[in-house]
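One structure is given here, and the rest of the page talks about it.
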Amino acid sequence: MLFYGDQVRMEDARAKLAGIARGLRDAEAMPAGIARHGALVAAFIEAGELAQGVADAAFDANGGRDARSPAGDAATALLTRLAAAVRLSWGSAFARFDPVRVEAAFDAAPPLPETLRTKRAEGFAFYALYPEAYLEAAQAAGFPLGSRVRVVGIRSIGVALGALVAAASEAPPPVTLRPVGHPFRRELSLSQGLEAELLADPPTAFAVADEGPGLSGSSFGAVADFLEDRGVPPGRIHFFPSHGGEPGPRAAPRHRARWAGAHRHVVGFDALAGHRLPSWVEDLVGAPVGPLEELSGGAWRRLRYPREAGWPPVNAQAERRKFLLRACGGGTWLLKFAGLGREGERKLERARALHSAGLSPAVAGFRHGFLVEEWVGDARPFHRGAHDAARLAERVGRYLGFRARCFPAGAGQGATLAALRRMARHNVGEGMGEEWARRLEERTAGLESFEPRLRRIETDNRLHAWEWLPLPDGRLLKADALDHHAAHDLVGCQDVAWDVAGAVCELGLEEDRGALLAAVAREAGRAVEPGLVRALTPCYLAFQLGACVMAAQVAAPEEAARLRADTERYAALLRRALGDGEVPG
């Protein structure tokens, strides 16, 4: 199934460097505390993306081989300097701040490439991967005093993670490498000079840092294969992953066997920040009453549904970390990981705009990755058919129209219509068979002709029934409305027509599609093309079909049963849509 997307951003290198410098100056002017530390980490993450982009530019210029470059060395040195500043702030309970002058790092270096291809560091943005965890893991590794540690950071996010390990180990800046080839059979591609440098004067230990391991662990495996094949004893290779588990089912036997006995150094989120989180938000909501209540992995359903039999399906592994905090004074708050750095700050702005319009819960603020949102305890579960369809279409249309008017997307964001059509054809073929895939091709013929007329916005992308909060006073709020346009999937930002298609399919609004389109148009100030909605509907269903199938493959048995039931629901909707052109409610 096609689900995930690897979105690349084109950024002006000098503008990015100036933004890092500006962020550090702003952080330096802030009072000591978690907010200042968060601003410092935000600058560090931006510097990690800069170093990744510069290293990849050198990789491309060298014919697809990693090689040293003066600009790359300067960017990595700056990143490691910032990692040391993060270490100082974290280790002093945010009391100490080491100002870093960004521009000075490039005084003696050649000009940066004019434009960089950067990638969002997914662990920092989605998966509550904290830089401080790698600082603590490296400190706990206990490399002997005076030992020589050579750090390898695996791009993309491994550039930043390697800098943290180097700073905590008092090692030189990391060597950054990008394994190439099939995702499950990665290998290294190095210039002769970098290969000789990496193996010269063998150090006491090699420290290899990256996120993962994932389905195969092949990126970690590629580095270890390279070192072992050139005589480095396995005992000198230390891994710094993001979790303590094993590689996934696609791991090669050599990699799986190595991992089982390897030096692995991990500090998880709960050990790092679980006990600290209430103090991070105390200035926003007050002192906590009792411990945090874990709501991740679908546990929030305990508080929304009277019986487990009525629980909706979730992809537990992909859910953001979230906690319930009860505070002095009676307030109850949802602490949800929204992303470190600028990703989280932008979501705070979006949340405030939606709340001001009466469309989503109130927010108290944002602290180092976590959005602090009011827990709407009196919300009832949403049931299809329990609402007057005309009123529901009006309310949902107002919400979607507000997004269309207020949240425009930048150029180049989101999958093209051609890419959505390819995804849909593949997923339907995989999940339902070739005959249905052929019908989908016929039904979506001409979809690409809408591309010049699209107005991409930061779409909701998650219109499922359980994401709506009906209140006793008749209001309807939208939960989880901030970031699915910027998630780790291939859809991204689309025309509001994508969300209209989603609302029709998820909320049973087929017969009231006209009223929904009219409500969107009134709020947005522009009409939505009905033909585009019709053409996108099977693409939306095919994407959700693929998401359910993939989630069910790794879910616990009870969750897998719910996901399979939802898979069949989407398949039934697709059969109806592709059979006679209608989508049932």
Side-chain angles (χ1 to χ4, degrees), residues 11 13-14 16-21 23-24 40-62 65-88 98 100-113 116-121 123-124 131 134-135 138 148-179 188-191 193-200 203 206-211 219 223 240 341:
E11 297 194 76
R14 283 292 166 185
K16 193 168 185 70
L17 189 65
I20 296 167
L24 287 170
L40 174 61
V41 170
F44 168 78
I45 291 172
E46 293 292 312
E49 293 179 359
L50 176 75
Q52 169 258 304
V54 174
D56 279 342
F59 180 89
D60 293 340
N62 199 47
R65 290 181 178 273
D66 277 308
R68 285 283 192 188
S69 75
D73 290 345
T76 306
L78 169 64
L79 181 64
T80 308
R81 177 83 170 79
L82 283 169
V86 172
R87 179 191 183 195
L88 179 67
D98 183 9
V100 178
R101 301 295 174 241
V102 171
E103 296 84 350
F106 290 88
D107 283 346
L112 290 169
L116 298 177
R117 291 182 297 105
T118 65
K119 295 184 178 182
R120 179 186 291 112
F124 298 149
Y134 280 72
L135 292 173
R148 290 178 296 103
V149 179
R150 189 160 296 157
V151 181
V152 176
I154 301 176
R155 297 198 302 278
S156 296
I157 194 174
V159 180
L161 302 178
L164 294 158
V165 172
S169 305
E170 299 185 358
V175 174
T176 73
L177 304 175
R178 179 173 291 287
L188 298 188
S189 177
L190 278 63
S191 68
L194 186 57
E195 177 174 341
E197 176 190 337
L198 194 61
L199 298 170
F206 285 90
V208 187
D210 195 15
E211 195 174 8
S219 291
V223 177
F240 289 82

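Along the sequence shown, residues carry numbers from 1. What you see is a predicted model, and the numbers here were worked out from it, not measured in a lab.
- A donor-acceptor pair shorter than 3.5 Å can be found between the side chains of R178 and S156.
- Looking only at side-chain heavy atoms (C-beta outward), L194 and V175 come within less than 4.5 Å of each other.
- For the pair L161/V165, no side-chain contact is recorded, criterion being any heavy-atom separation below 4.5 Å from C-beta on.
- Contact check for D73 versus P173: no side-chain heavy atoms found under the 4.5 Å cut-off.
- Contact between A42 and G341 at its shortest, heavy atoms only, is CB-CA, 3.4 Å.
- Comment: K119 does not engage D56 in a salt bridge, judged by the lack of any side-chain N to carboxylate O separation of less than 4.0 angstrom.
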Working for side chain to side chain contact (heavy atoms under 4.5 Å, CB included), residues V102 and L82 = CA-CA 9 Å; V102 171; L82 283 169; 5.5 Å; no
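- From E46, atom CD reaches atom CD of E49 across 5.0 Å, with rounding to the nearest 0.5 Å.
- Residues L40 and L24 meet the side-chain proximity criterion, which asks for heavy atoms closer than 4.5 Å.
- Taking the side chain as every heavy atom from C-beta outward, L112 and F106 approach each other to under 4.5 Å.
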Assess whether side chain to side chain contact (heavy atoms under 4.5 Å, CB included) is satisfied between L188 and E195, documenting all intermediate values.
-> CA-CA 10 Å; L188 298 188; E195 177 174 341; over 6 Å; no
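- Taking OG1 of T80 as the start and CZ of F44 as the end, the distance is 8.0 Å to the nearest 0.5 Å.
- When all heavy atoms are compared, the tightest approach of L79 to A51 is CD2-CB, 4.1 Å.
- Under the 4.5 Å side-chain criterion, counting only non-hydrogen atoms from C-beta, L50 is not in contact with T118.
- Expressed to the nearest 0.5 Å, how far OG1 of T76 lies from CD of Q52 amounts to 11.0 Å.
- At a threshold of 4.5 Å between non-hydrogen side-chain atoms, the residues F240 and V208 do not count as touching.
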